[in-house]
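Input: a single structure, listed below in structure tokens.
Nothing here was measured: the structure is a model prediction, and the numbers come from that model. Residue numbers run from 1 in the order of the sequence given.
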Amino acid sequence: VQLQASGGGLVQAGGSLRLSCAASGRAFSRFAVGWFRQAPGKEREFVAAISWMGFSTRYSDSVKGRFTISRDNAKSTTYLQMNSLKPEDTAVYYCATKQRVAADADGYDYWGQGTLVTVSS
């Protein structure tokens, strides 16, 4: 499975961005997908995850209520809608997947390249 993340950019605090993660490879629709981020000087952290059919989602406390994860299996694409962005959301965002169906916060095997999100104050 190969993943390609896109949609990052520069946005003012309070603004919105939508990240996309396009997948290639077989059986993607059966895999859970997660979004992670890594800010400068910090460790990578879990942001959100979605189960294989999209019925189950999980969010970190820091983004709950502001970010929404969704997927379109027909397009092999997962999205991360980010609203009410804060300067502390600035990071490189990565999508990842694994050969399991549950929306877990860890255990991901396949990673895409990151896309940079910068939120100015």
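Within a 6.0 Å sphere centred on CZ of R66, other residues, nucleotides and ligands contribute more than 12 heavy atoms. When the shell of 6.0 Å around CD of Q2 is examined, it contains 12 or fewer heavy atoms from other residues, nucleotides or ligands.
Contact record, T77 with K75: OG1-O, 2.8 Å, taken as the closest heavy-atom pair. Shortest non-hydrogen contact noted between S121 and P87 is CB-CG, 3.8 Å. Closest of all the heavy-atom pairs between A32 and Y108 is O-CE2, 4.0 Å. Contact detail for L3 and Q113: the closest heavy-atom pair is O-OE1, 3.7 Å. Across every non-hydrogen atom of R58 and F46, the tightest pair is O-CZ, 3.7 Å. When all heavy atoms are compared, the tightest approach of T78 to W35 is CG2-NE1, 3.8 Å.
Looking at T57, its side chain never comes within 3.5 Å of a backbone N or O of A49 through a donor-acceptor pair. Judged by distance alone, with hydrogens and angles left aside, the side-chain atoms of D72 form a donor-acceptor pair with the main-chain N or O of A74 at under 3.5 Å. Within the 3.5 Å criterion, the main-chain N or O of W52 finds a donor-acceptor partner in the side chain of N73.
The shortest distance between side-chain heavy atoms of R37 and V117 does not fall below 4.5 Å. For the pair M82/D89, no side-chain contact is recorded, criterion being any heavy-atom separation below 4.5 Å from C-beta on. Side chains of I69 and F67 form no contact here, defined as non-hydrogen atoms less than 4.5 Å apart. You'll find the side chain of S51 stays beyond 4.5 Å of the side chain of V101, heavy atoms only.
The line from CD of Q81 to CG of L17 is 8.5 Å long, rounded to the nearest 0.5 Å. For the atom pair T118 OG1 and L85 CG, the distance stands at 10.5 Å (nearest 0.5 Å). Here the OG1 atom belonging to T90 is positioned 8.5 Å from the CG atom belonging to L10, to the nearest 0.5 angstrom. To the nearest 0.5 Å, atoms CZ (R18) and OG1 (T68) are separated by 11.5 Å.
Ring centers of F36 and W111: under 6.0 Å apart, within the cut-off.
Residue pairs meeting the disulfide bond (SG atoms under 2.5 Å apart) criterion with at least one partner in residues 35-100, sequence neighbours excluded, are C21-C95.
A continuous path of ILVMFWY side-chain contacts below 4.5 Å connects V119 to Y59, so both sit in one hydrophobic cluster.
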